[in-house]
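What you see is a predicted model, and the numbers here were worked out from it, not measured in a lab. In what follows, chains are A, B, ... by sequence order, proteins preceding strands, each numbered from 1. Values below: all heavy atoms of this structure, side chains included; hydrogens, waters and symmetry mates excluded.
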There are 2 protein chains.
Amino acid sequence: MRTKRKEEEITKTRDAILSATEKIMREEGYAAVSSRRVASVAGLKSQLVHYHFGTMDDLFLALFRRAEAEYFERHTQAVISSNPIRALWALSIDRQGMGLIFEFMALANHRDIIRKQIAESKIRIRTMQVAMLTRALEGNDALSDICAPNVLSVLIAGTALQLITETAIGVSDAHADTLAFADRLIGMIERENSAKKTRARKRPAGANKLSA
Amino acid sequence: MRTKRKEEEITKTRDAILSATEKIMREEGYAAVSSRRVASVAGLKSQLVHYHFGTMDDLFLALFRRAEAEYFERHTQAVISSNPIRALWALSIDRQGMGLIFEFMALANHRDIIRKQIAESKIRIRTMQVAMLTRALEGNDALSDICAPNVLSVLIAGTALQLITETAIGVSDAHADTLAFADRLIGMIERENSAKKTRARKRPAGANKLSA
DNA sequence: GTCTATAGGCCGATAGAC
DNA sequence: GTCTATCGGCCTATAGAC
């Protein structure tokens, strides 16, 4: 019981430090993160930051891993949902979820260890997206002929990134039209896919494929 | 002659400071820019930075204005070229030209005066792009029915931004396919437009329009 | 316009007591 | 795990001599 209590407190302190770091990064940018500022926001002494995380790079890495685990989980949920493309789009344009990522990308430009972590994460997520999009575009000849799943993944991520960064600097020209455009496109794919499913249900299983 | 000489030297010092700032921002990020670092790279005393530019925010603003003027000029050239969409795309995926922009966007997240300058610049450039794309898509019913010029502007900027940031962190999955996709799409528009011009040339001027 | 000198402040990180 | 104390460093910015 005593040990449990202690572990809880340790985790609580670590979490407080990570959350304070996240808050500062979101509100003032990564450059405003210092052991003293973090400690001040968390209501602690700055030395505790070093005690629990070592160097500032270690702190950034720990926060990135925590944020990435959460993002990866949300991504997984999106990919297995009933309308995965729509869910992926919703996730991609969510400023709350993406704000930190932008700061980490900026940080990555001159901290090599952060850069590597982000690169790994991006590949993991890209792989998941491409697998989902490949399934979603299966049999949709009209769209998949002009745009492969991996390209579509780049287009979705890029367009969402553009909308988020523009919103962050206070520009929202063309955003409503872009959102409507995305909605229309996703709607078309969804309708095509549900029509495909209906057709498949009316036949014996496997009849519309050569293998599997 | 003496005055000329002096003005040249002043401009030379200012330019040296701005160029040093740009170099540091590109190579190490905006957070690495300090009056001392700038002066060191430019081979000057740090106090000269304050003498010529005042505060660090003033220095950042001056550099942004210089970079934006150059970017705006390149943009103008692209828009009036014979293949404006292709030229715009080439400009948008040019890492050399866009690297600074990314740093300024990160800087803008917590420096309000920078944010406003970037917002203004973005609107100016967006306006120019939309005007060009409106002309380019005129009469191209197939494409303009599904994607308005302002939406296309967002898609181009977003996709290019995505490619550039991914390249910066060392990920290039799907880049070749995305570039090929863009090339194919631009090619289609170009062919459609030159066919349109040919048709127009075979008729009396103004015959294919209701007004003007 | 450039110099020296300096004020005043925040930074990362560590040592050692408890 | 948390505290006090502290080292050495880089920062912005200004004052005043030349």
Given [options], which nucleotide is nearest the side-chain atoms of [X]?
X: B:M56; options: C:dC11, D:dA13, C:dT2; value: D:dA13
X: A:R36; options: D:dC11, D:dA5, C:dC11; value: C:dC11
X: A:T13; options: C:dT2, D:dT2, D:dC11; value: D:dT2
X: A:S35; options: C:dG12, D:dA5, D:dC3; value: C:dG12
X: B:S34; options: D:dC11, D:dA13, C:dT14; value: D:dC11

Crowding at CD, B:E120 (>12 non-hydrogen neighbours, <6.0 Å):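 Atom CD in B:E120 is packed in, count exceeds 12.
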Heavy atoms from other residues, nucleotides or ligands near CD1 of A:I146 exceed 12 (cutoff 6.0 Å):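 Above 12, so yes.
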Rounded to the nearest Å, what distance is computed from the [atom1] atom of residue [X] to the [atom2] atom of nucleotide [N]?
X: B:Y30; N: D:dC11; atom1: OH; atom2: P; answer: 16 Å
X: A:R14; N: D:dT2; atom1: CZ; atom2: P; answer: 12 Å
X: A:L44; N: D:dC3; atom1: CG; atom2: P; answer: 7 Å
X: A:F53; N: C:dA13; atom1: CZ; atom2: P; answer: 14 Å
X: A:E28; N: C:dC10; atom1: CD; atom2: P; answer: 14 Å

B:H52 or A:D57, whichever maps to the more 5' nucleotide of DNA chain C: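 Looking at the nearest nucleotide for each, B:H52 comes out on the 5' side.
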Touch class at under 4.0 angstrom, heavy-atom based, for A:S46 against every strand present: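 Result for A:S46 = nothing.
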Residues A:H110 and B:E27: side-chain donor-acceptor under 3.5 angstrom: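 B:E27 and A:H110 do not have a side-chain donor-acceptor pair below 3.5 Å.
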Donor-acceptor pair between A:S19 and A:R66 side chains, under 3.5 angstrom: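 There is such a pair between these side chains.
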Distance below 4.0 Å between B:H50 side-chain N/O and D:dA13 OP1 or OP2: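 B:H50 to D:dA13 OP1/OP2: side-chain N or O found under 4.0 Å.
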Aromatic ring pairing A:F104/A:F60, orientation class (parallel under 30°, perpendicular over 60°, tilted between):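 The rings of A:F104 and A:F60 stand perpendicular, inter-plane angle above 60°.
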Residue closer to the 5' end of DNA chain D, A:K45 versus B:Y51 (nearest nucleotide):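 It is A:K45, whose closest nucleotide lies nearer the 5' terminus.
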Donor/acceptor link under 3.5 angstrom from A:Q47 side chain onto base of D:dT2: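 No, the side chain and the base share no sub-3.5 Å donor-acceptor pair.
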